[in-house]
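We name chains A, B, ... by the order of the sequence lines, and we start the count at 1 in each one.
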2 protein chains.
Amino acid sequence: MPETAHRIARQDRNRYGNRPTMKDVAARAGVGLKTVSRVVNGEPGVTPDTERRVQEAIDALGFRRNDSARVLRKGRTASIGLVLEDLADPFYGPLSRAVEEVSRAHGSLLINGSSAEDPDREQELALALCARRVDGLLIIPAGDDHRYLEPEIRAGVATVFLDRPAGRIDADVVLSDNFGGARDGVAHLIAHGHRRIGFIGDMPRIHTAAERLRGYRAAMEDAGIPVEDAWMSLGVTDPERVRRAAEAMLSGPTPVTAVFAANNRVTVTVVRVLAEHTRRVALVGFDDFELADLLRPGVTVVAQDAAQLGRKAAERLFGQLDGTLDTPERIELPTRLIARGSGELPPAD
Amino acid sequence: MPETAHRIARQDRNRYGNRPTMKDVAARAGVGLKTVSRVVNGEPGVTPDTERRVQEAIDALGFRRNDSARVLRKGRTASIGLVLEDLADPFYGPLSRAVEEVSRAHGSLLINGSSAEDPDREQELALALCARRVDGLLIIPAGDDHRYLEPEIRAGVATVFLDRPAGRIDADVVLSDNFGGARDGVAHLIAHGHRRIGFIGDMPRIHTAAERLRGYRAAMEDAGIPVEDAWMSLGVTDPERVRRAAEAMLSGPTPVTAVFAANNRVTVTVVRVLAEHTRRVALVGFDDFELADLLRPGVTVVAQDAAQLGRKAAERLFGQLDGTLDTPERIELPTRLIARGSGELPPAD
DNA sequence: CTGAAAGCGCTTACAG
DNA sequence: CTGAAAGCGCTTACAG
């Protein structure tokens, strides 16, 4: 511990630990409350001498303006809320960060929370944020009914949905072209000679999962390939289930020769399963991930730009707050197929 | 768009868009303000009939309690702040999530922001959070002088530092055993026959970087190996610089036979560089990362538990708020060496 | 069981 | 250039 370090006694937590208020500053400086307010907020109309006296009192007392009180009077809290699925999921890191940067540029603070893919928890979080009177709400929905937000939106809370559309209300949404991306990815496998292609995805009640499955079906239909039930597996994406699903598809008399993994968690598990198999199985995954290019073979993916998703949505949110946007829109961002090897393997049989 | 979806007109944003208040509810229900407050907060002493009338008014008006106002009166905001380096860094995802879970268990909301490793931005963020009167502050420091927090801590803001100690103030800190972890990692390489071992790390003003370098030196000294300047490279960890540093160590008449990469970003870049080389070079990295086991060879790492770091720090923070903790403590969590292949390669010459 | 008054720490709208 | 009064939407402390 450096010698300059010293312990600092912490006050009682009652009433913000007896923090000095503008009133205290005013008394000490011998001026009125409004004059302190002017100095603190950099408003004009204070003589240099008065300003100096006030500033000295501020420093001596260690005054810091209470923004909670300010907010109560002004109406806007200069904060926005972001409800996502799981902060620990690498997909949401860059998204969160992008939202934060836009928020910061607009002088706003970001409050975020994870729904853990639980609709009740999403609602609880979103409404708690409304009670704090965030100016706007960015939601990656877990549930499929967002009518609970109607009173809030009507009361003025700007709202943008992200990654998946809102359920049963008409609201702005910014998402990736899940259908088109999946269709392209599967078509890529077909172009490399595959016909028995497996699809492993998330629970179908999740919009992105349903859209990607639709893209898979469309690509198969375009190629005139009838899809067998055994080739499709939808459900929770924990490693155990995905592993079982992959192994089922890869065994039996007519195993699949390629797999389309419908999100990053699924892809990673499938890569592990394939690493244990001797037969070469082609793989295309939805979502890019770090080090995908360093695996052998490199993993071919349909990439979406998470940061761009966050940025667009946040910009749209502040657009609403500026009053420049009226009609809810659906903004769809294109995906990009990145060929790295695993998606270009020919069928093994 | 489903047929049930319909557009919701958003009110003016002035004064929370004319949101109904308790006063409005009281008027509509024909009761006093305090009675509404009782119902909203589930306090006892209201007849079922009165409660029903109030509840009906609440539902009809779409009332939601304004927690900003509540906070002003009660003193605690039920929110904590987390200042980290970069939300997009995969190290902070699980840490953030762990903090969020503890916070949630204590009924608190989490506000977080990135300092981008900039001391000024760290201070700006931390003080903005104090102005919002967060109950506590969790800080992964970018700067090395935190005296700016003294008035805040004195005023009652609970504070815990994370990953790196505070500078020039005495405060709680929860961190990994960076020195010991690095020493073990380098000793592991030495045990596998290496003597010319490179070290690539972050800027030495960052505490973790300095500690890990110290661990490297200690291991080398323990083994009686004099360290050459050319083996050490410290600086920003962007891929370009790390790549140059790695290539410099790997060329020349007496190249290093092993590299110790002092954090996850460095490790990933070094893996890329080594993949382009034909000569086998051993590698141990500080920080675990996804898929490290799937690379060929698997990457040997010194793992720290980011989630545990976040959890411990958050628990400590709420301990302070409960008033059960007084003296600042330094909590050091052990690291774990995970051998996967790259760290067990023998020297190439 | 119920409610009127005062106050949390600021800003707004005025008046001097 | 300066400041007293009222009010933001709640809770507290009290009285009936």
Practice problem: Would you check if N112(A) and L87(B) make a side-chain contact, meaning some heavy-atom pair closer than 4.5 Å? | Solution: yes

Quiz item: With a non-hydrogen cut-off below 4.0 angstrom, is N41(B) in contact with a base, only sugar-phosphate, or nothing?
Solution: sugar-phosphate

Quiz item: Has D86(B) got more than 12 heavy atoms of other residues, nucleotides or ligands less than 6.0 Å from its CG?
Solution: yes

Anything under 3.5 Å between a protein N or O and an N or O of nucleotides 14-16 of chain D, put it in a table, one pair a line.
none

Exercise. Assess whether atom CG of D144(B) is packed by more than 12 heavy atoms of other residues, nucleotides or ligands within 6.0 Å.
Key: no

Practice problem: Give a yes/no on whether any side-chain N or O of T35(B) is located under 4.0 angstrom from OP1 or OP2 of dT2(C). | Solution: no

Quiz item: Atom CG of D49(A) to atom C1' of dC1(D): distance rounded to whole Å?
Solution: 12 Å

Quiz prompt | Evaluation steps, side chain to side chain contact (heavy atoms under 4.5 Å, CB included), between Q320(B) and D172(B) | solution = CA-CA 10 Å; Q320(B) 282 185 25; D172(B) 273 330; 2.6 Å; yes

Exercise. Choose from dG3(C), dC1(C), dT11(D) the nucleotide whose nearest atom is closest to any side-chain atom of T47(B).
Key: dC1(C)

Quiz item: Rounded to the nearest Å, what distance is computed from the CZ atom of residue R53(A) to the P atom of nucleotide dC1(D)?
Solution: 15 Å

Quiz item: Among dT2(C), dC1(D), dG9(C), which is the nearest nucleotide to the side chain of T50(B)?
Solution: dT2(C)

Quiz item: Is there a donor and acceptor pair closer than 3.5 Å between the side chain of R73(B) and the base of dG7(C)?
Solution: yes

Self-check item: SB check D49(A) R53(A) (cutoff 4.0 Å)
Solution: yes

Quiz item: Atom NZ of K74(A) to atom C1' of dG9(C): distance rounded to whole Å?
Solution: 14 Å

Quiz prompt | Candidates dT11(C), dG9(C), dT2(C) - which lies nearest the side chain of T21(A) | solution = dG9(C)

Quiz item: Given E122(A) and R164(A), is the salt bridge (charged side-chain N to carboxylate O under 4.0 Å, His left out) satisfied, shown in steps?
Solution: CA-CA 14 Å; E122(A) 172 211 303; R164(A) 311 164 194 172; over 6 Å; no

Quiz item: Starting at CE of M22(A) and ending at C1' of dT11(C), how long is that distance when rounded to a whole Å?
Solution: 8 Å

Quiz item: Rounded to the nearest 0.5 Å, how far apart are OG of S114(A) and CG of L125(A)?
Solution: 8.0 Å

Quiz item: Which residues satisfy the ring-ring contact (aromatic ring centres under 6.0 Å, His included) test with F318(A), sequence neighbours excluded?
Solution: H106(A)

Quiz item: Which one, dT11(D), dG9(C), dC1(C), comes nearest to the side chain of L72(A)?
Solution: dG9(C)

Quiz prompt | Length of the CG-C1' vector between D67(A) and dC8(C), whole Å | solution = 15 Å

Self-check item: Phosphate contact (dT11(C) OP1 or OP2) by S37(A) side-chain N/O below 4.0 Å
Solution: yes

Quiz item: Between dT11(D), dT2(D), dT2(C), which nucleotide has the shortest distance from any of its atoms to the side chain of V46(B)?
Solution: dT2(C)

Quiz prompt | Charged N-O contact under 4.0 Å between R97(B) and E101(B) | solution = yes

Exercise. Write out the stems for DNA chain D, ordered by first number and formatted as range with range, counting runs of at least 3 consecutive Watson-Crick or G-U wobble pairs under 3.5 Å.
Key: C:1-3 with D:14-16, C:5-12 with D:5-12, C:14-16 with D:1-3

Quiz item: Taking the nucleotide of DNA chain C with the closest heavy atom to each, which residue, R65(A) or E51(B), is nearer the 5' end?
Solution: E51(B)

Quiz prompt | Partner residues of F161(B) under the ring-ring contact (aromatic ring centres under 6.0 Å, His included) criterion, sequence neighbours left out | solution = H146(B)

For a quick test of your reading: what N or O donor-acceptor pairs under 3.5 Å do the side chains of residues 306-315 of chain B make, sequence neighbours left out?
residue: Q308(B); atom: OE1; partner: R311(B); partner atom: NH1; Å: 2.4

Quiz item: Should E100(B) and R104(B) count as an ion pair when the cut-off is N to O under 4.0 Å?
Solution: no

Quiz item: Counting only non-hydrogen atoms, which of residues 23-33 of chain B are less than 4.0 Å from DNA chain C?
Solution: V31(B), G32(B)

